[in-house]
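Below, read A as the first sequence line, B as the second, and so on, with proteins coming before strands; counting in each chain starts at 1.
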Number of protein chains: 2
Amino acid sequence: MTVLIVEDDAVHRAFLRDVLVGTLPDCRLIEAADGVAGEALAREHESMNVVVDLQMPRRTGVEMAKTLWRERPATAIMFWSNYADEAYVRGVSRIVPEGAAYGYVLKSASEERLALALKSVFLEGQCVIDREIRSVQQKSADRSGSFTDVEYEILVDLALGLTDRLIAERRGISLRSVQNRLAQIYDKLGVYETEAGSDVFNLRMRAVTLAGLRKLLNRNSLEQAEAELAAWLAASPRASGGRR
Amino acid sequence: MTVLIVEDDAVHRAFLRDVLVGTLPDCRLIEAADGVAGEALAREHESMNVVVDLQMPRRTGVEMAKTLWRERPATAIMFWSNYADEAYVRGVSRIVPEGAAYGYVLKSASEERLALALKSVFLEGQCVIDREIRSVQQKSADRSGSFTDVEYEILVDLALGLTDRLIAERRGISLRSVQNRLAQIYDKLGVYETEAGSDVFNLRMRAVTLAGLRKLLNRNSLEQAEAELAAWLAASPRASGGRR
DNA sequence: ATCTTCTTTACGGGATCCCGCAAGATCCCT
DNA sequence: AGGGATCTTGCGGGATCCCGTAAAGAAGAT
């Protein structure tokens with residue numbers, strides 16, 4: 001069995017190596033320090049299992065997993081991450097193909113838990129998701145305090161700095177609808193619940209700040225969204241008024 | 001010699017332990033997993049040296065170092081961080097007292113570099129700052145593309161979601177001045193430099209997004225600023241119109 | 001089919017934001 | 001003291017944002 005390790009932190013990489021040879025003694029290890037290198041290595045080998053960090057320079061673990069699964073949906077992938085940010089959990093759930101085996105464990109988990117998860121995913125083809133992650137996942141799928149996909153997309157557009165008008169254009173709805181969605185978003189994020197008056201904040205900014213503090217948005221998700229936005233802007237030539 | 005390790009990641013903590021006993025064989029090690037525990041331990045011991053991670057739950061490395069240096073300015077502190085975010089570099093430079101010995105090395109640095117830095121700081125009382133950090137520091141102090149303290153404060157207020165009016169109130173300047181500063185900030189962040197027209201973005205939001213992508217702001221700095229804001233809001237009872 | 005509920009869209013208006021212009025104020029340099 | 005650069009502040013106005021109200025459409029339940 002071949003296992004590809006994709007992890008930028010040298011210390012963690014060494015640790016992973018130790019755990020893997022201890023858990024799966026007859027496995028061959030390949031290592032990469034970021035997503036781009038990882039993808040290249042993955043293409044050179046036929047069938048393999050992957051352990052990948054989510055937060056890496058150049059190319060996120062999520063992005064790498066996405067292209068990897070598109071080419072070979074049967075690949076077993078273990079996500080190994082520092083954080084249980086809702087942004088990551090949402091990102092991973094969105095890309096896992098039908099019936100693929102994958103795992104999601106936190107770096108704070110014990111070595112035993114990691115080893116067990118590795119065996120379950122790579123040998124048994126099961127899905128193993130850490131308790132902490134699981135709870136985030138459920139909270140995120142729960143229909144009450146949480147966000148639909150449309151709302152989330154608009155929240156991202158908001159965080160990127162788009163105007164209402166442009167969000168409407170991009171998502172194919174009217175200006176007023178965007179504003180309605182925004183009102184929902186503000187409400188769900190609790191923008192109004194503040195000790196001091198309520199005319200204190202710039203609502204759209206406050207919403208994004210709260211989303212950030214709540215780990216619904218993080219730098220990685222914004223980076224990716226920024227790239228998608230740039231592509232969309234280039235592809236849809238606007239009548240560009242040009243204020244200045 | 002006593003060395004206090006404050007680091008939440010167990011793997012990194014073990015690595016640090018190894019490096020320290022290898023580098024300073026006759027040192028006594030104490031360990032804490034976050035800033036609060038670290039502060040408590042630091043108070044129990046007379047003179048010590050500290051190695052601290054910047055990003056930790058509950059209490060940041062910067063916050064911990066701040067109170068620690070306030071009580072005992074002679075303490076030697078080694079900051080050991082994953083990132084060279086300008087937000088961190090700025091945070092550290094702001095709190096280092098006159099003549100204190102400290103170091104700032106990245107976790108991606110080699111073991112030798114870390115060991116060398118530890119000896120320089122703890123034994124020789126020198127200051128050792130990684131090359132990557134150094135360059136960020138200089139860029140940050142450079143008077144041209146970069147931010148004065150006032151501008152940075154206002155940028156943070158902006159990111160917290162305050163209105164122009166409230167920023168003016170908080171910083172003791174007029175509304176128009178705030179808007180002028182904002183214009184400067186927008187300019188320095190390059191809000192206008194975009195391929196597609198320039199009426200695409202909500203400027204204040206776009207500015208914060210760019211600052212985030214540029215690592216000038218990060219989650220930690222916002223968390224801290226949010227706490228300070230809450231304190232200020234509570235301390236300065238406003239005439240609170242109350243829109244709703 | 002009818003009723004309920006949710007979403008979408010339009011109109012309109014008050015508040016805020018962004019900014020050009022210009023008159024002081026402040027500071028630095030010589 | 002004089003000159004120049006920068007910062008502050010006010011006025012005014014166009015654009016945007018936030019939202020109350022309400023009509024029309026869509027989806028589901030009985």
Side-chain angles (χ1 to χ4, degrees), chain A residues 143-144 147-151 153-155 157-194 197-210 238-244, chain B residues 143-144 146-155 157-194 197-210 238-244:
Chain A
R143 291 259 165 268
S144 71
F147 289 74
T148 69
D149 284 349
V150 185
E151 283 169 352
E153 279 180 356
I154 294 190
L155 176 60
D157 285 347
L158 193 67
L160 288 178
L162 298 186
T163 60
D164 292 5
R165 187 180 55 70
L166 203 65
I167 298 178
E169 196 174 325
R170 186 176 189 195
R171 301 299 173 195
I173 54 182
S174 81
L175 187 67
R176 193 60 181 82
S177 289
V178 172
Q179 297 176 332
N180 283 336
R181 303 315 272 247
L182 288 183
Q184 285 177 312
I185 291 174
Y186 297 158
D187 196 39
K188 287 189 178 176
L189 283 171
V191 171
Y192 306 118
E193 299 155 17
T194 170
S198 57
D199 52 347
V200 173
F201 293 118
N202 174 312
L203 295 183
R204 52 174 44 219
M205 182 66 81
R206 188 62 184 167
V208 171
T209 306
L210 288 178
R238 208 164 342 301
S240 83
R243 188 190 297 165
R244 92 199 50 261
Chain B
R143 291 260 165 266
S144 71
S146 204
F147 288 74
T148 69
D149 284 348
V150 185
E151 283 168 351
Y152 188 75
E153 280 180 355
I154 293 188
L155 176 60
D157 286 346
L158 194 67
L160 288 177
L162 298 187
T163 61
D164 293 3
R165 187 179 54 69
L166 203 64
I167 298 179
E169 197 175 322
R170 186 177 189 194
R171 301 300 173 194
I173 54 182
S174 81
L175 187 67
R176 193 63 181 82
S177 289
V178 172
Q179 297 177 331
N180 282 335
R181 302 316 270 249
L182 289 183
Q184 285 177 317
I185 291 173
Y186 298 158
D187 195 39
K188 287 189 178 176
L189 283 171
V191 171
Y192 307 118
E193 299 155 17
T194 169
S198 57
D199 52 348
V200 173
F201 292 118
N202 174 311
L203 296 182
R204 53 176 39 218
M205 182 67 80
R206 188 61 183 167
V208 170
T209 305
L210 288 179
R238 207 164 342 301
S240 82
R243 189 190 297 165
R244 91 198 49 257

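Two residues, B:V150 and B:N202, neighbour DNA chain D, and the one matched to the more 5' nucleotide by heavy-atom proximity is B:V150. Two residues, B:Y186 and B:N180, neighbour DNA chain C, and the one matched to the more 5' nucleotide by heavy-atom proximity is B:Y186. Residues B:T163 and A:Q179 each lie close to DNA chain C; by heavy-atom proximity, the contact nearer the 5' end of the strand is made by A:Q179.
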Practice task
Walk me through it: do A:N180 and A:R176 pass the test side-chain hydrogen bond (donor to acceptor under 3.5 Å, both in side chains)?
Solution key: CA-CA 6 Å; A:N180 283 336; A:R176 193 60 181 82; 2.7 Å; yes
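If you measure from atom CG of A:D187 to atom C1' of D:dC18, you get 14 Å, rounded to the nearest angstrom. Note: CG (A:L182) to C1' (C:dT7) measures 15 Å, nearest angstrom. Residue A:F201 contributes atom CZ, which lies 18 Å from atom C1' of C:dC17 at whole-angstrom precision. Taking atom CG on A:L162 and atom P on D:dC17, their separation rounds to 10 Å, with Å as the unit. Computed from coordinates, the B:M205 CE to D:dC17 P distance equals 10 Å when rounded to whole Å. Between B:I185 atom CD1 and C:dC19 atom P there is a gap of 13 Å when expressed in whole angstrom units. At whole-Å resolution of the value, CG in B:L203 and P in C:dG20 are 11 Å apart. In this entry the distance linking CD1 of B:I154 with C1' of C:dC17 reads 15 Å, nearest Å.
A:I173 CD1 to A:R181 CZ: the interatomic distance, rounded to the nearest 0.5 Å, is 6.5 Å. Distance check: B:L155 CG to B:L160 CG gives 9.5 Å after rounding to the nearest 0.5 Å. If you take OG1 on A:T163 and CZ on B:R206, they are separated by 12.0 Å, rounding to the nearest 0.5 Å.
Every side-chain hydrogen bond (donor to acceptor under 3.5 Å, both in side chains) that B:S177 has, sequence neighbours left out, goes to B:S174. Remark: B:L182 engages B:I154, B:L158, B:D164, B:V178, B:I185, B:Y186, B:R204 in a side-chain contact (heavy atoms from CB on, under 4.5 Å) (not counting sequence neighbours). Residues passing the side-chain contact (heavy atoms from CB on, under 4.5 Å) test with B:E153 are B:R171, sequence neighbours excluded.
For the pair B:L166 and B:E169, the minimum side-chain heavy-atom distance is below 4.5 Å. For the pair B:V200 and A:L162, the minimum side-chain heavy-atom distance is below 4.5 Å. For the pair B:Y192 and B:L203, the minimum side-chain heavy-atom distance is below 4.5 Å.
Near DNA chain C, defined here as any heavy-atom distance below 4.0 Å, the residues from residues 170-178 of chain B are B:R176, listed numerically.
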Could you list, one pair per line, each protein nitrogen or oxygen that sits under 3.5 Å from a nitrogen or oxygen of nucleotides 5-7 of chain D, together with the distance?
residue	atom	partner	partner atom	Å
D:dC7	OP2	B:Q184	NE2	3.4

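An angle of 40°, rounded to 10°, separates the two end axes of the helix from C:dA1-D:dT30 to C:dT30-D:dA1, each defined over five pairs.
Dashed line: the shortest gap from a side-chain N or O of A:Y192 to OP1 or OP2 of D:dC19 is under 4.0 Å.
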